[in-house]
Amino acid sequence: VLKSFEENIMSISMDDRHVLVGLVNGKVGCIYSNNKKEKFVTEVSSVPITAVLADPLDTAGKSLFYAVDQKGFLHVLGEKGDLINSLKVRDGPIFAIQDVEVKKVWVYSDKGRSVVTLEGTELKIKANKNSKFSMDLDARFHQTRDKGDFALEEFDARVPARIYGKK
């Protein structure tokens, strides 16, 4: 599977049909998870792809794939790897994408979270939320953004516990 891609893999995502990878050279590659055959490789950026998302909430035959890069752009690709739209979402690198509902994702950077929707063929930012919490390298949690060594976008103590942050 890894031999299908010409560059080092920076990020990976899977859904029930696909394995999606973000590459150092700014390309996004996709293979079918059942037979390991290449579906597409598309160049979306001139900088590394830091996170990808094979949307598990879409419908078969109308798959959506999301990729973000080191410059803060979100790219959305269609079923055959065609670039639908790109949008500058945050300043600086984005390190995670989370699916929320069909055609709606949360995009995380070290500055906070953005809510982005795909309306027709246009990506639109619905909200930008700054980091609320911070954490020290020894895992000490702070209720303010500026006390710790690095900002945390989200702290969720429900089961399963999640902390999103980047150093």
Side-chain angles (χ1 to χ4, degrees), residues 1-15 17-31 33 38-58 63-118 122-135 137 145 148-156 160 162-167:
V1 171
L2 299 179
K3 292 178 184 175
S4 297
F5 308 112
E6 66 210 39
E7 277 293 330
N8 290 336
I9 295 173
M10 289 264 312
S11 53
I12 191 164
S13 174
M14 294 176 61
D15 65 9
R17 298 178 305 267
H18 308 100
V19 176
L20 188 69
V21 297
L23 304 173
V24 170
N25 63 358
K27 293 182 180 180
V28 175
C30 184
I31 59 171
S33 56
E38 183 180 302
K39 183 170 184 168
F40 63 80
V41 176
T42 303
E43 185 171 346
V44 297
S45 179
S46 61
V47 297
I49 302 298
T50 53
V52 290
L53 174 67
D55 194 344
L57 303 174
D58 58 17
S63 298
L64 291 175
F65 304 98
Y66 297 91
V68 291
D69 64 29
Q70 282 187 341
K71 290 185 178 178
F73 281 86
L74 172 65
H75 312 276
V76 63
L77 296 106
E79 177 72 29
K80 296 180 177 158
D82 48 314
L83 184 63
I84 295 172
N85 200 297
S86 294
L87 177 67
K88 175 102 174 170
V89 176
R90 301 296 268 174
D91 289 327
I94 297 170
F95 63 85
I97 312 167
Q98 180 181 358
D99 57 314
V100 180
E101 56 189 52
V102 175
K103 298 184 180 184
K104 181 177 182 180
V105 295
W106 288 353
V107 176
Y108 295 92
S109 76
D110 61 349
K111 305 280 189 271
R113 175 180 53 145
S114 297
V115 179
V116 183
T117 60
L118 179 63
E122 295 290 319
L123 288 168
K124 296 194 178 180
I125 298 172
K126 293 299 183 179
N128 279 315
K129 299 180 184 210
N130 289 332
S131 300
K132 301 174 197 167
F133 311 108
S134 63
M135 184 176 278
L137 292 174
R145 179 180 177 199
D149 293 321
F150 58 95
L152 292 178
E153 162 46 36
E154 184 176 320
F155 176 78
D156 185 349
R162 299 179 305 189
I163 297 176
Y164 294 106
K166 183 169 188 317
K167 174 71 176 150

(request) Dump the intermediate steps for side-chain contact (heavy atoms from CB on, under 4.5 Å) on Asp15 and Asp55, then the final yes or no. (result) CA-CA 7 Å; Asp15 65 9; Asp55 194 344; 5.9 Å; no
(request) Give a yes or no on whether Lys124 atom NZ has more than 12 heavy-atom contacts from other residues, nucleotides or ligands under 6.0 Å away. (result) no
(message) If I compare all heavy atoms of Ser109 with all of Pro93, which pair ends up nearest, and what's the gap?
(response) CB-O, 3.4 Å
(message) Ignoring hydrogens, what is the shortest heavy-atom contact between Val76 and Leu83? Give both atom names and the distance.
(response) O-CD1, 3.6 Å
(request) Taking atom CG of Asp82 as the centre, report whether more than 12 heavy atoms of other residues, nucleotides or ligands fall under 6.0 Å from it. (result) yes
(request) Classify the ring geometry between His75 and Phe73 as parallel (under 30°), tilted (30 to 60°) or perpendicular (over 60°). (result) parallel
(message) Looking at every heavy atom in both Val47 and Gln70, which two are closest together, and how far apart are they?
(response) CG2-N, 3.9 Å
(message) Strictly distance-based, threshold 3.5 Å: is any side-chain N or O of Lys39 a donor or acceptor partner for the main-chain N or O of Gly81?
(response) no
(request) Could you tell me whether a side-chain N or O of Glu79 sits under 3.5 Å from a main-chain N or O of Ser63, the two making a donor and an acceptor? (result) yes
(request) Using a 4.5 Å cut-off on heavy atoms from C-beta on, say whether the side chain of Pro56 contacts that of Asp99. (result) yes
(message) Please determine whether side-chain contact (heavy atoms from CB on, under 4.5 Å) holds for the pair Asp69 and Val44, giving the CA-CA distance in whole Å, both sets of side-chain angles, and the decisive distance to 0.1 Å.
(response) CA-CA 9 Å; Asp69 64 29; Val44 297; over 6 Å; no
(request) Flag the pair Val68 / Leu74 as yes when at least one side-chain heavy-atom distance between them is below 4.5 Å, and no otherwise. (result) yes
(message) So Val21 and Val52, do their side chains get closer than 4.5 Å, heavy atoms only?
(response) no
(message) Closer than 3.5 angstrom, by distance alone: can the side chain of Thr42 be matched with the main-chain N or O of Val28 as a donor-acceptor pair?
(response) no
(request) Answer yes or no: is there a side-chain heavy-atom contact under 4.5 Å between Lys103 and Thr117? (result) no
(message) So which atom in Ile49 and which in Met10 form the shortest heavy-atom distance, rounded to 0.1 Å?
(response) O-CB, 3.1 Å
(request) To the nearest 0.5 Å, tell me how far Leu53 CG sits from Phe65 CZ. (result) 10.0 Å
(message) If I take atom CD1 from residue Ile31 and atom CE from residue Met14, how far apart are they, to the nearest 0.5 angstrom?
(response) 8.5 Å
(message) For a quick test of reading the model, state the closest non-hydrogen atom pair linking Leu77 to Ile84 and the distance between them.
(response) C-CD1, 3.8 Å
(request) Looking only at non-hydrogen atoms, find the nearest pair between Leu20 and Cys30 and report the distance. (result) CD1-CB, 3.8 Å
(request) Starting at CD1 of Ile94, measure out to NZ of Lys71 and round the result to the nearest 0.5 Å. (result) 13.0 Å
(request) Mind running side-chain contact (heavy atoms from CB on, under 4.5 Å) on Val100 and Val105 for me, showing each step along the way? (result) CA-CA 5 Å; Val100 180; Val105 295; 5.6 Å; no
(message) Rounded at 0.5 Å granularity, tell me how far CZ in Arg90 sits from CZ in Phe95.
(response) 10.0 Å
